[in-house]
Number of protein chains: 4
Amino acid sequence: VILRDPVHGLIAFEEPLDQIVVRLLATPEVQRLRRIRALGPASLAYPGAEHTRFAHAVGSAHVMKRYLRRVSALASELPPGDRVDPDSARAALAAALLHDLGHGPYSHTFEVLLPGAPKHERWTSALLLDPSTKVHAVLAEVDPQLPRAVERLVHGEHPIQHLSRAVSGTFDVDRCDYLMRDSVMTGVRYGLLDLEWLLRSLRLYVPQGKRTARLGVDGEKGLTAVEGFFTGRLYMYRQVYLHKAVRAAEVGLRLLFRRLRELDPLPETPPTLERALRGEPLTVGEYLALDDHVLHAGLAGWASSAADPIVRELAESFRERRLYKTIALRAEASSEDAAARLREVARRHGHDPVYGGVIDRVEVAGYAEDDELVVLHDGRAQELLAASPLLHGLARERFVLHRAIVPPGLRVAAAAALDDLT
Amino acid sequence: VILRDPVHGLIAFEEPLDQIVVRLLATPEVQRLRRIRALGPASLAYPGAEHTRFAHAVGSAHVMKRYLRRVSALASELPPGDRVDPDSARAALAAALLHDLGHGPYSHTFEVLLPGAPKHERWTSALLLDPSTKVHAVLAEVDPQLPRAVERLVHGEHPIQHLSRAVSGTFDVDRCDYLMRDSVMTGVRYGLLDLEWLLRSLRLYVPQGKRTARLGVDGEKGLTAVEGFFTGRLYMYRQVYLHKAVRAAEVGLRLLFRRLRELDPLPETPPTLERALRGEPLTVGEYLALDDHVLHAGLAGWASSAADPIVRELAESFRERRLYKTIALRAEASSEDAAARLREVARRHGHDPVYGGVIDRVEVAGYAEDDELVVLHDGRAQELLAASPLLHGLARERFVLHRAIVPPGLRVAAAAALDDLT
Amino acid sequence: VILRDPVHGLIAFEEPLDQIVVRLLATPEVQRLRRIRALGPASLAYPGAEHTRFAHAVGSAHVMKRYLRRVSALASELPPGDRVDPDSARAALAAALLHDLGHGPYSHTFEVLLPGAPKHERWTSALLLDPSTKVHAVLAEVDPQLPRAVERLVHGEHPIQHLSRAVSGTFDVDRCDYLMRDSVMTGVRYGLLDLEWLLRSLRLYVPQGKRTARLGVDGEKGLTAVEGFFTGRLYMYRQVYLHKAVRAAEVGLRLLFRRLRELDPLPETPPTLERALRGEPLTVGEYLALDDHVLHAGLAGWASSAADPIVRELAESFRERRLYKTIALRAEASSEDAAARLREVARRHGHDPVYGGVIDRVEVAGYAEDDELVVLHDGRAQELLAASPLLHGLARERFVLHRAIVPPGLRVAAAAALDDLT
Amino acid sequence: VILRDPVHGLIAFEEPLDQIVVRLLATPEVQRLRRIRALGPASLAYPGAEHTRFAHAVGSAHVMKRYLRRVSALASELPPGDRVDPDSARAALAAALLHDLGHGPYSHTFEVLLPGAPKHERWTSALLLDPSTKVHAVLAEVDPQLPRAVERLVHGEHPIQHLSRAVSGTFDVDRCDYLMRDSVMTGVRYGLLDLEWLLRSLRLYVPQGKRTARLGVDGEKGLTAVEGFFTGRLYMYRQVYLHKAVRAAEVGLRLLFRRLRELDPLPETPPTLERALRGEPLTVGEYLALDDHVLHAGLAGWASSAADPIVRELAESFRERRLYKTIALRAEASSEDAAARLREVARRHGHDPVYGGVIDRVEVAGYAEDDELVVLHDGRAQELLAASPLLHGLARERFVLHRAIVPPGLRVAAAAALDDLT
């Protein structure tokens with residue numbers, strides 16, 4: 001299999017070990033990821049961001065392939081237990097491809113809509129371990145232990161420590177692909193990594209008296225690339241993942257789902273979605289039937305529902321991109337106070353206070369310390385924070401996004417009521 | 001409105017004339033284009049190609065803006081009747097944004113699935129002229145004649161000839177955007193244009209004794225860019241639009257719809273889609289309800305339909321990307337002969353010959369002459385074919401894609417039966 | 001004039017105001033900048049970095065053009081005194097093009113080689129004000145006051161404050177061009193700016209009670225771009241400007257020139273260079289005769305000089321890229337101590353201690369506060385450091401590069417002697 | 001050795017076989033290529049195009065490395081005699097790096113200036129075979145036969161046919177690098193190749209009854225990339241290599257050298273250059289002393305020469321970029337006739353007819369047939385022209401550039417005299 005990709009260019013799975021990827025690509029569970037947008041409603045803010053979990057899965061497997069190639073070039077520096085044998089390589093490729101298998105409609109957004117429901121990681125495990133899935137069958141055919149090994153690896157557990165971190169660490173193939181992919185597709189290019197240089201500057205370092213290698217980076221060549229990774233991540237949070245229109249769209253959907261839960265079931269709600277809404281447990285097969293199209297079938301129905309004007313308005317406004325408006329609040333303002341004022345504004349204007357706006361507060365750490373990653377200068381190891389003044393400075397900072405998100409009709413009144421908090 | 005775009009970078013509609021674009025963007029009819037993939041099933045071959053008609057519409061309006069800016073810089077060279085006044089500029093921006101308004105699910109693919117139904121151009125006209133649409137209302141509010149003017153312009157009719165051709169010519173803003181967009185999103189970069197250079201090298205040329213300007217291109221600076229446009233188009237046809245997996249996926253959908261038409265209505269078919277299938281006339285409102293999600297709701301239903309195994313298999317195989325296989329045939333082989341042999345193969349293997357494979361033959365002209373475009377050297381005009389040996393050579397060539405497209409199970413037998421035609 | 005540029009793509013100087021650029025481009029003083037590498041010896045570390053001051057000058061004028069266009073779009077928000085009239089615009093374009101006119105061979109390197117000599121800024125002033133230069137003549141022909149006005153502007157003085165800062169501030173057209181250009185040409189892409197977004201997010205802000213505008217940036221849209229500018233600058237310092245091979249090459253040249261000053265004049269030294277070496281004052285015409293080729297004529301001669309083996313070895317090793325080696329020292333180690341040890345090593349190995357290695361210590365502030373730049377949120381201004389946790393963190397950090405740079409033959413001995421300082 | 005490159009990104013020579021490249025890079029002969037611009041005077045038209053033969057040599061070795069990796073992946077499809085053993089791989093890497101070793105100042109331009117002198121290919125051979133060069137020493141140390149083997153390979157002779165063609169064929173690593181490099185550095189992006197796809201689509205094909213493989217390309221995947229290579233080459237010829245300002249600059253230098261040959265030796269002429277001018281044979285050491293800086297030392301001297309006003313004017317106008325002007329002539333006009341008229345114009349204006357302008361006529365074939373390259377479809381081979389309508393069309397076309405190139409002062413008169421030929 002050779003593919004073209006807007007992010008990585010040419011992606012090839014042609015070598016013997018890649019066969020596991022080729023076979024997994026042909027399963028319905030992996031193909032279903034084509035029907036799930038990676039960034040949920042972000043295309044309402046960035047029209048290009050329609051990319052799917054499928055493209056991301058393929059990209060992650062590609063980055064893993066490059067990681068394995070790099071590690072294999074370093075093999076002579078490694079203790080035997082840290083070298084990647086073919087079985088582990090196969091598991092790693094599979095884990096990279098399958099790590100997001102359990103996502104529901106609109107990816108992370110779906111979890112926000114169903115607060116009590118199992119997270120996508122739980123579903124990924126279920127899909128890998130359930131003997132009824134094709135993905136399970138493909139893995140088990142190679143080796144009956146492989147489904148379990150891949151499931152553990154997806155959750156960051158593997159005898160080879162650096163490999164588990166490459167699947168699930170601060171600095172893993174998942175993030176490498178999504179930062180780059182989200183950058184290209186949104187047109188916000190701040191998350192573009194210098195991937196080739198990053199990989200080339202990887203080292204594996206065995207601390208004195210230890211028998212396992214830690215992931216290291218060449219100080220001369222790689223530090224800037226690593227810093228770029230962390231600042232790129234931060235930039236993408238602020239510009240994309242926490243963009244005001246994206247948050248507003250999610251608030252709209254959240255309120256819609258809240259309303260649907262309050263009401264008796266509507267005939268327009270697709271049956272499986274109804275069960276998910278009610279918190280009823282779903283079978284693997286039922287869960288697999290959920291995708292963006294099912295969510296949109298619901299939205300189309302609700303938008304012309306005769307049963308409830310709030311449902312109708314929330315669904316229609318999502319479809320027509322009439323989003324809630326945001327008012328930026330100071331970081332240190334009281335969210336409770338702001339929320340109380342919003343409810344008051346809603347009441348005064350005859351709105352149900354529940355749907356009259358929410359306060360949205362997110363804090364992102366400038367740099368969440370990764371004790372694993374070290375920087376190597378001529379064979380001496382240094383902690384990343386000691387080696388990088390930039391990350392050292394960043395580590396002491398927090399980025400706060402604090403906003404009121406209100407219906408368009410209440411914007412002026414809400415802005416007035418919140419004026420001293422902005 | 002300022003947008004980020006993976007193709008054009010920053011797109012801004014902030015000037016007074018741009019207000020028409022801003023207001024049209026807020027209509028449900030334009031927002032609906034977010035639910036329609038520009039390249040139909042092409043993402044089955046190129047996983048990145050999930051971009052929508054909405055992104056293309058915005059991009060086309062952006063290119064039109066740049067075209068208008070260029071023409072305005074050339075105003076002093078132009079006869080008064082060829083200068084673009086604000087009213088015409090506004091109509092041109094609207095036409096660029098709205099030119100694809102009438103597309104159905106999966107864009108061009110939908111027309112292939114419903115052979116007798118009105119084409120998307122007809123629907124675009126209907127949506128512009130129907131007083132019930134918001135798009136109509138926005139245009140009519142500016143000027144009661146504007147809906148009709150935009151509708152005519154979309155079809156290439158406007159008193160300013162070069163403007164009508166910029167909306168609908170061989171070398172129009174639509175093509176400029178889609179060649180670039182499809183290139184970026186597929187990762188096949190052959191269609192990337194040197195847009196800035198192309199625009200900068202545009203001239204408008206008034207032939208002796210004429211009173212209207214023709215579109216010209218500066219011979220020294222622009223000829224290569226124009227040639228690149230035409231070869232890029234050709235490359236994209238071969239690599240993307242006529243890619244074997246894309247054609248195979250379309251064949252699968254075509255056969256599915258054919259089967260659905262033969263059967264009694266299935267309960268899984270969304271009602272409006274059913275009516276479209278049966279060739280019943282749709283209202284504007286009904287047509288607008290059709291989008292990719294409705295098609296996928298149908299596919300999900302059909303894939304588990306108990307009523308008909310052929311429907312079930314065709315729908316499921318589309319969802320799981322089990323595509324028909326292609327066998328390349330010689331250009332000069334007889335399609336009829338090949339089709340007859342395919343039917344025979346199908347019969348021999350107990351297949352319904354209708355679903356046992358099709359012959360697909362497409363011819364693309366290397367360069368379809370555009371008598372309008374001239375090349376200018378120091379004020380002298382030359383026909384494009386005379387100025388460009390490359391296009392001169394290309395104009396005499398035809399590209400033929402001739403293929404048998406068969407179910408995976410019949411591939412070996414079909415290949416054997418067609419061996420002397422390949 | 002239309003130009004292609006590897007950094008900015010198409011650069012056009014075609015509008016009436018651009019005529020000043022077109023005419024200045026035709027002067028011998030501006031054409032001389034083609035013979036001066038922008039990054040001196042950096043191509044010894046980055047083979048692509050052969051770009052000239054000429055390309056940078058053209059790029060800076062292009063960025064200024066875009067800045068002026070942006071400011072003109074903001075004119076209605078500005079107090080009359082801050083609007084840019086055609087005369088100021090012309091001066092700004094000229095200043096952007098000419099700001100580096102006084103550079104000598106290898107740009108900044110030349111100043112390092114001749115410690116007491118006038119800096120390039122002084123020569124720029126001299127060339128602008130001297131009536132014998134063509135640059136002066138072109139400017140004076142437009143307006144007899146223009147040479148002086150441009151000279152002042154190059155040094156950051158102009159009645160319109162934001163304009164002087166656009167020529168010479170922390171965030172000026174010079175830096176915008178060189179960060180991007182050096183990034184592209186070295187292949188180290190960390191300095192690539194999001195220039196279009198940066199310009200689009202510029203605002204001009206008049207503080208209450210003030211009559212002049214300060215440069216501001218839109219908080220929602222522009223903060224990330226500004227942060228990217230400052231981190232990009234930092235990355236480029238570390239990766240390029242202070243790269244160990246670049247520093248080592250400069251040390252080699254510095255020692256060579258030191259030696260030449262100690263000796264009687266050599267016949268191989270080009271006469272004007274000899275006079276510069278001896279600290280004799282040069283006329284404008286003599287200074288203009290100095291360029292990279294003169295330096296290289298010297299190097300070719302010295303490399304085969306019979307007079308002095310140290311000169312010969314230093315010149316030849318520069319031409320053949322046999323550079324001094326670097327040993328990284330801890331930031332807090334004593335440079336004096338290290339230098340003393342180096343001298344001791346040199347003596348022990350029979351080397352003249354002066355040429356036996358140097359200690360190189362550079363400190364770069366993470367972010368040097370710019371009190372001018374403000375961040376605007378819905379019309380309220382915030383200091384940049386308050387708005388950006390990233391820059392706030394960075395402002396408290398210093399980046400120190402501390403190195404011993406020694407002849408290849410002394411590397412092992414020097415490393416041993418300095419071991420506890422590394 | 002790891003390098004950054006504006007064209008290929010990261011270039012690494014770290015594997016055992018790469019040691020030959022690492023050692024050759026350290027020789028003075030290879031380092032000298034840093035002092036030779038790849039495109040001669042092209043930076044007068046494209047200010048970015050200052051790149052050197054050194055960067056191109058490194059890039060060619062990098063492309064060769066990728067070619068060898070691709071061929072090694074295909075090894076199982078190859079007859080033993082076509083597999084590349086380590087010795088041949090080493091020779092191929094060396095040949096790619098050294099293929100342009102013999103270029104003089106301004107590369108191809110130098111040959112034009114000294115019509116009777118040995119071509120650069122002859123000098124490359126001489127430098128490789130002469131025992132006094134370091135390059136020879138490095139090669140001979142590996143294997144006494146290696147200098148000769150590399151020299152033969154540079155000229156396209158090697159027992160492995162596909163390898164000799166990869167060094168010197170229509171479709172070789174040299175061209176791959178220079179088309180891409182010249183594209184990036186000029187900013188004219190038409191020559192950018194899809195290198196990764198091109199390499200990936202390479203096949204090696206053994207015709208029936210033959211024992212050696214021919215270079216083939218996968219018809220489905222690679223044909224477009226190959227066509228892009230040939231059209232890209234054509235575009236680059238027209239836009240860059242034969243750009244009117246580049247040709248005019250070369251004419252200026254040609255006339256300058258002609259004049260110098262007519263006169264007695266001038267004191268300003270560097271001695272080795274003087275000998276080259278007079279056609280005296282140079283030793284290897286003398287030839288190596290020639291580089292761009294020597295040419296510029298000459299130009300600086302001649303530009304202030306008291307001896308001859310024609311020399312002075314030609315040298316000064318080159319340094320100040322006052323180029324001859326071009327007048328486009330029809331392809332079929334008689335060059336002799338045009339030249340006669342130019343001489344007449346010059347005489348009439350009191351100019352020496354020799355320096356009063358020249359007629360420049362260049363013909364480029366649209367596609368020069370390469371009988372070696374075949375296109376493979378499912379194992380069947382087809383000639384490239386049969387497989388590609390585009391190249392088939394192109395092969396019948398010729399591109400003619402026909403121009404008068406005259407001193408600025410004669411432009412109007414010349415244009416009048418040539419009017420019916422334009």
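Each chain gets a letter, A, B and so on, in the order its sequence line appears, and its residues count up from 1.
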Please identify each residue that fulfils salt bridge (Lys or Arg N to Asp or Glu O under 4.0 Å) with C:R66, with sequence neighbours left out. none
Contacting moiety of C:L44, where chain D heavy atoms sit under 4.5 Å: both
Relative to chain D, which of C:D292, C:V184, C:V188 shows the most heavy atom pairs under 4.5 Å? C:V188
Side-chain heavy-atom pair C:D291, D:R319 within 4.5 angstrom cut-off: yes
What part of D:A45 gets closer than 4.5 Å to chain C, counting heavy atoms only: side chain, backbone, both or neither? backbone
Looking at D:A289, D:G9, D:P28, which has the largest count of heavy-atom pairs under 4.5 Å with chain C? D:P28
For a quick test of your reading: what N or O donor-acceptor pairs under 3.5 Å do the side chains of residues 244-251 of chain C make, sequence neighbours left out?
{"from": "C:R247", "atom 1": "NE", "to": "C:D360", "atom 2": "OD2", "distance (Å)": "2.9"}
{"from": "C:R247", "atom 1": "NH2", "to": "C:D360", "atom 2": "OD1", "distance (Å)": "2.9"}
{"from": "C:E250", "atom 1": "OE2", "to": "C:T109", "atom 2": "OG1", "distance (Å)": "3.1"}

As a quick check of understanding, evaluate side-chain contact (heavy atoms from CB on, under 4.5 Å) for C:R4 and D:Q239, giving each step before the final call. CA-CA 11 Å; C:R4 300 263 200 182; D:Q239 292 286 311; 4.0 Å; yes
Quick one: pull up CG in C:D5 and OG1 in D:T186 and give me the separation to the nearest 0.5 Å. 10.5 Å
Side chains of D:P6 and C:M185: closer than 4.5 Å at any heavy-atom pair? no
C:Y324 meets the ring-ring contact (aromatic ring centres under 6.0 Å, His included) criterion, sequence neighbours left out, with none
Looking at C:T27, is its backbone amide N or carbonyl O close enough to the side chain of D:R321 to form a donor-acceptor pair, meaning the two atoms are under 3.5 Å apart? no
Chain C contact via D:R35 - side chain, backbone, both or neither, heavy atoms under 4.5 Å: side chain
Chain D: which of C:H296, C:R32, C:E29 shares the most heavy-atom pairs with it under 4.5 Å? C:H296
D:R322 vs C:Q31, side-chain contact (heavy atoms from CB on, under 4.5 Å): CA-CA, chis, key distance, verdict: CA-CA 10 Å; D:R322 290 184 274 108; C:Q31 290 295 321; over 6 Å; no
Residue-level interface, residues 46-64 of chain D with chain C, non-hydrogen cut-off under 4.5 Å: D:Y46, D:P47, D:G48, D:E50, D:T52, D:F54, D:A55
